[in-house]
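Below, chains carry the letters A, B, ... as their sequence lines are ordered, and counting in each starts from 1.
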Protein chains: 2
Amino acid sequence: MDSKKKKRLEARGWVVGDTREFLRLTAEEARYIELKLSLSESLKAERLKQQVTQVELAKMIGSSQSRVAKMEAGDPAVTVDLLLKALLTLGVTKKQLAKIIA
Amino acid sequence: MDSKKKKRLEARGWVVGDTREFLRLTAEEARYIELKLSLSESLKAERLKQQVTQVELAKMIGSSQSRVAKMEAGDPAVTVDLLLKALLTLGVTKKQLAKIIA
DNA sequence: TGGCAATATGTCCGTTTAGACATATGCTCT
DNA sequence: AGAGCATATGTCTAAACGGACATATTGCCA
């Protein structure tokens with residue numbers, strides 16, 4: 001993982017480090033988180049592309065604006081399941097999903 | 001969705017119907033579930049390919065045999081998150097994941 | 001047939017995540 | 001500046017999901 005990517009992860013609060021304790025991510029964890037960030041970034045991009053507000057998307061998926069914001073922010077307390085449901089609701093196809101992930 | 005696919009979903013307990021109540025899946029829900037089933041099938045295939053038992057895989061991902069069985073059975077009470085973590089632990093690459101999903 | 005390893009099914013209970021709400025911050029107009 | 005909309009952040013409680021355990025069930029081979 002290059003330092004740019006690492007920074008991107010750290011900036012989102014995924015890697016919490018202080019002088020006493022440093023959480024080292026295993027390779028699988030890092031890959032999982034990267035995947036999740038790809039999904040959240042794509043969600044935001046797709047929503048903006050369709051000119052939908054967070055409030056509107058929230059209604060579409062039966063959720064709330066705050067949760068949508070957290071999804072797009074890559075908050076650790078958001079599951080891939082929820083991200084996928086949102087993307088599917090926006091009409092993203094399997095092929096597009098595949099591209100996002102790969 | 002063709003009837004074959006529908007049968008496959010129903011057989012897993014996703015569609016619970018009786019004479020009074022019939023749960024109709026929305027298009028998004030169906031697509032989400034199909035995605036999940038693809039992942040669980042791939043998980044089982046990959047595990048078998050690597051000649052790993054459910055007990056062994058459970059240890060690898062810090063879980064239990066029963067949960068691995070549920071993952072592979074496409075149990076609704078298993079998240080995509082968990083399936084992804086298992087697949088990643090087995091060394092499945094992003095490209096392979098993309099193929100599974102698409 | 002019985003024994004054994006692998007897998008399936010069902011339940012329990014602690015933890016995590018969900019939506020909801022309140023509130024803060026930011027952005028764009030006029 | 002301030003009104004108005006969009007987004008961000010933080011917290012609450014109920015619901016969903018997690019691992020663990022117990023207990024079937026299956027399949028294989030001696």
To the nearest angstrom, the CG-P distance between A:D75 and C:dT17 comes to 9 Å

query = Thinking salt bridges, do A:E29 and B:K85 make one under a 4.0 Å N-O criterion?
reply = no

Quick note, A:A77 side chain, CB onward, closest among C:dT7, C:dT17, D:dG18 is C:dT17

Are side-chain heavy atoms of A:K44 and A:L48 found at a separation under 4.5 Å? yes

Note: for B:A69 and A:G62 on DNA chain C, the residue whose nearest nucleotide lies more 5' is B:A69

Rounded to the nearest 0.5 Å, the NZ atom of A:K94 sits from the CD1 atom of B:I101 at a distance of 10.0 Å

From CD of A:Q54 across to C1' of C:dA20 the rounded distance in Å is 15 Å

Rounded to whole Å, the CG-C1' distance (B:L84 to D:dC17) equals 15 Å

Does the base of C:dC21 carry an N or O that pairs as donor and acceptor with the side chain of A:S66 under 3.5 Å?
yes

query = If you look at every strand shown and take non-hydrogen atoms under 4.0 Å, does B:K59 touch a base, only sugar-phosphate, or nothing?
reply = nothing

Checking only heavy atoms, does the side chain of B:E72 share a donor-acceptor pair with the base of C:dA8 at less than 3.5 Å?
no

Next on the checklist: For D:dA20 and B:S63 - does any side-chain N or O of the residue sit under 4.0 Å from the phosphate oxygens OP1/OP2?
Outcome noted: no

The nucleotide from C:dT17, D:dA8, C:dA6 with an atom nearest the side chain of A:K44 is D:dA8

Practice item. Pick base, sugar-phosphate or nothing for A:S64, based on heavy-atom distances below 4.0 Å to the nucleic acid. Key: base

Note to self: With a 4.0 Å limit, can you tell me whether B:K85 has a side-chain N or O closer than that to the phosphate oxygens OP1/OP2 of D:dG18?
What the structure shows: no

Here the distance between atom P of C:dT9 and atom CE of B:M71, to the nearest Å, is 15 Å

Open item on the list: I'd like to know if B:E56 and B:R47 make a salt bridge, using a cut-off of under 4.0 Å between side-chain N and carboxylate O.
Closed with: no

Rounded to whole Å, the CG-C1' distance (B:D81 to D:dG19) equals 16 Å

Answer yes or no: side-chain N or O of B:K70 and base N or O of C:dT11 forming a donor-acceptor pair under 3.5 Å. yes

On DNA chain D, more 5' by nearest nucleotide between B:L82 and B:Q65 is B:L82

Q) Do the side-chain N or O atoms of B:R67 get closer than 4.0 angstrom to the phosphate oxygens (OP1, OP2) of D:dC17? A) no

Whole-Å distance, B:R47 CZ to C:dA8 C1', equals 12 Å

In this structure, CG of A:L83 is separated from CD of A:E72 (nearest 0.5 Å) by 9.5 Å

Whole-Å distance, A:L57 CG to D:dC5 C1', equals 17 Å

